[in-house]
Number of protein chains: 2
Amino acid sequence: MTKSLKKPATMSDVAKEAGVSLKTVSRVFNNEKYVTEDKKARILEAAKTLNFQPAVAARGLAGGRSFMIGLFVDDASGDYVAKMMRGLVNACDATGTHLVVEVIRDLDDVSKVQRAVASVRFDGVILPPPLCDAPALLAFLRENGVPVARIGAGQALEDFASVYIDEELAAYKMTDYLIAKGHKKIGFIIGDPEHACSALRETGYRRAMAAAGLTVEDRFLAQGYFNFPSGRDAAQTLMQGAPDLTAVFASNDEMAAGAVDYLSNAGVRVPDDLSVVGFDDDIAASMMSPTLTTVRQPIEDMARQAHALICNPGDYQKIQHRFSVDIVERQSVRAV
Amino acid sequence: MTKSLKKPATMSDVAKEAGVSLKTVSRVFNNEKYVTEDKKARILEAAKTLNFQPAVAARGLAGGRSFMIGLFVDDASGDYVAKMMRGLVNACDATGTHLVVEVIRDLDDVSKVQRAVASVRFDGVILPPPLCDAPALLAFLRENGVPVARIGAGQALEDFASVYIDEELAAYKMTDYLIAKGHKKIGFIIGDPEHACSALRETGYRRAMAAAGLTVEDRFLAQGYFNFPSGRDAAQTLMQGAPDLTAVFASNDEMAAGAVDYLSNAGVRVPDDLSVVGFDDDIAASMMSPTLTTVRQPIEDMARQAHALICNPGDYQKIQHRFSVDIVERQSVRAV
DNA sequence: CTGAAAGCGCTTACAG
DNA sequence: CTGAAAGCGCTTACAG
């Protein structure tokens, strides 16, 4: 009736219990073929009664796989990271691999990455923005042969796996959506210049405006940094320079939320006086009021796919996986 | 000029390069004493030029430490998790240890935990709510001798390290704050019953009311589940049954945000018609409008401390570390 | 203060 | 289909 008291069972314990060799046990835990069903069953049963689970440390040392997937982020906060983590943890569970999170603040200093990589020997590393576009980091990982999957990268790179959306097209569509609603003077809040997607989304906005024959005046644009306060500030700038706008497209939801916050405090009603849209379908988008019309990108799925690209030994490089986006219509837009 | 091309350097490489034995190199990387400064310097230099970093897998196998800290959560979303992660990653960086995130959805099913623990052999595991109060999980970890640090646990447990705040006192203070502002009819939105803190916060609220000679009628209470929609629903329930309330204390910020959302859509102005306060100082608290008065608990610091309790070989058990809280005054309360 | 030996728990070739 | 041997890169006792 006593449970396992301290020392975890080892593969040899299982081998002995099942009356087979070490190697045979190893085979079943690695899904190799050539093991009779008979033995396999005995081994699995022995493993179960002994509560055996192969130790990743030993497997790593002997086999060259660490069973560790690195998620490198510049900041662990935010709904974007949370969504990636959900997708990744899920994929990890399904593959017997584990998610280790590393925060890399300085995109130009590779030393921390080098230490992490050298000590953990990740089976692969996931790089969300803005790390996915950091040249120094990418170069280091390439030189050291670390499998990489980039999420939401701004530009394609032949030798790295990548999952992404067409940022420019997405912004184009959203702008077009606003235009279809009758808006002509549409403002735009630019994202953090450090993120490659910022320029792409701006381009999409400009293209859509141009395609509709609408002019983009300088005063229609304001610089933000993908966070709430900068959205607030940008809205203020916009309202001062371009009070004639009927809609504002913030290039992410946090900024949109900041903008709406500023506006409501300034007595500008959304969407009655001004329509506002965002990008990401951040959790904040459904928690604010009015709820925010935004571009949804399937981050959780993208993360899962990124994990797959890393784990499948197939030529993971060269694999570029594009995801499509939807516009989620909520309450923050009004037709004019 | 060629950089490290593939195979990472090993400790033997460093030993050779520095002209010492393997063991001596090992000594300096483990901060053992008895190494002459002279040799130590040579070793460190050799390590640097070779870009050497001890492999955790090898260290783990030989030394019995995995250098992995497990963060077990029931859901990877939310600002609470983000804050913990920030504190933990920070502590990990400082100690050469790594953060592995595992999502445990079923609090009664130990099988997933058992698999993770057996394969990774965590140096320790961090348990935030509600996992920190899950009996089955705790029992398993105890039986297997896994060092544990609980964050925000509802009840003390002699044999597990714990960092926490006095939930009841915090809720008492917040209620008292509202009372000091002249409120007498104060509503309360109860948190998820699965979280031990929910009952404690409710008790704090009730005690403060009683201490002030105020009555808590049943209609002053509504059940929530610590998320936005449930806050919205609870506010509706409250407004229907107790339209005479002048303040509502939501036992976390997400519910408070949901409540405010419902209220503003229902034409109830916050704080003019009704004051609302929350708990946590979630990022949402400063992003909503009005900004939310709430209880701030130092989650990041608590997480760092939890990590320390696990890593310091001292009798980590028995160590119960209490943190204090502050009331953050913002815009959602009005004196009556 | 320093080092040679053994071994951690697996997987990798290699034989059969 | 199965197993015995060697070795992954470190740390642990143990000697000196």
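Contacts between residues 14-26 of chain B and DNA chain C, defined by a heavy-atom separation under 4.0 Å, are made by Ser21(B), Lys23(B), Thr24(B). Contacts between residues 58-69 of chain B and DNA chain C, defined by a heavy-atom separation below 4.0 Å, involve Leu61(B), Ala62(B), listed by number.
Remark on DNA chain C: of its neighbouring residues Tyr34(B) and Glu32(A), the 5'-side contact belongs to Tyr34(B), judged by nearest-heavy-atom nucleotide.
The shortest distance between side-chain heavy atoms of Met68(B) and Asp123(B) does not fall below 4.5 Å.
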Validation: residues 53-63 of chain B side-chain donor-acceptor distances under 3.5 Å, sequence neighbours left out:
| from | atom 1 | to | atom 2 | distance (Å) |
| --- | --- | --- | --- | --- |
| Arg59(B) | NH1 | Asn30(B) | OD1 | 3.0 |

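Using a 4.0 Å cut-off between a side-chain N of Lys or Arg and a carboxylate O of Asp or Glu, Lys83(A) and Glu300(A) do not qualify as a salt bridge. Remark: Lys48(B) does not engage Glu17(B) in a salt bridge, criterion side-chain N to carboxylate O under 4.0 Å. Salt-bridge check for Glu32(A) with Lys23(A): passed, with a basic side-chain N closer than 4.0 Å to an acidic carboxylate O. By the 4.0 Å N-to-carboxylate-O rule, Arg304(B) lies close enough to Asp301(B) to be salt-bridged with it. No salt bridge links Lys112(A) with Asp106(A); every basic N to acidic carboxylate O contact stays at or beyond 4.0 Å. Using a cutoff of 4.0 Å between basic side-chain nitrogens and carboxylate oxygens, Arg105(A) and Asp74(A) are not scored as salt-bridged.
The side chain to side chain contact (heavy atoms under 4.5 Å, CB included) search around Leu107(A) returns Pro130(A), Leu131(A), Ala134(A), Glu194(A), not counting sequence neighbours.
Lys33(A) comes within contact range of no nucleotide atom at all, as no heavy-atom separation falls under 4.0 Å.
At a cut-off of 3.5 Å, with distance as the only test, no side-chain donor of Thr36(A) or Asp38(A) sits close to an acceptor on the other residue.
Between Phe122(B) and Phe67(B), the ring centre distance reaches or exceeds 6.0 Å. The six-membered or imidazole ring of Tyr164(A) lies away from that of His321(A), with a centre-to-centre distance of 6.0 Å or more.
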Carefully, step by step, assess Ile165(A) and Arg322(A) under the rule side-chain contact (heavy atoms from CB on, under 4.5 Å). CA-CA 5 Å; Ile165(A) 59 168; Arg322(A) 175 184 300 179; 5.8 Å; no
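Contact footprint of chain A on DNA chain D: nucleotides with an atom under 4.0 Å from a non-hydrogen protein atom, first to last in 5' to 3' order, dC1(D) to dG9(D).
Listed by first residue number, the stems of DNA chain D with at least three Watson-Crick or G-U pairs below 3.5 Å are C:1-3 with D:14-16, C:5-12 with D:5-12, C:14-16 with D:1-3.
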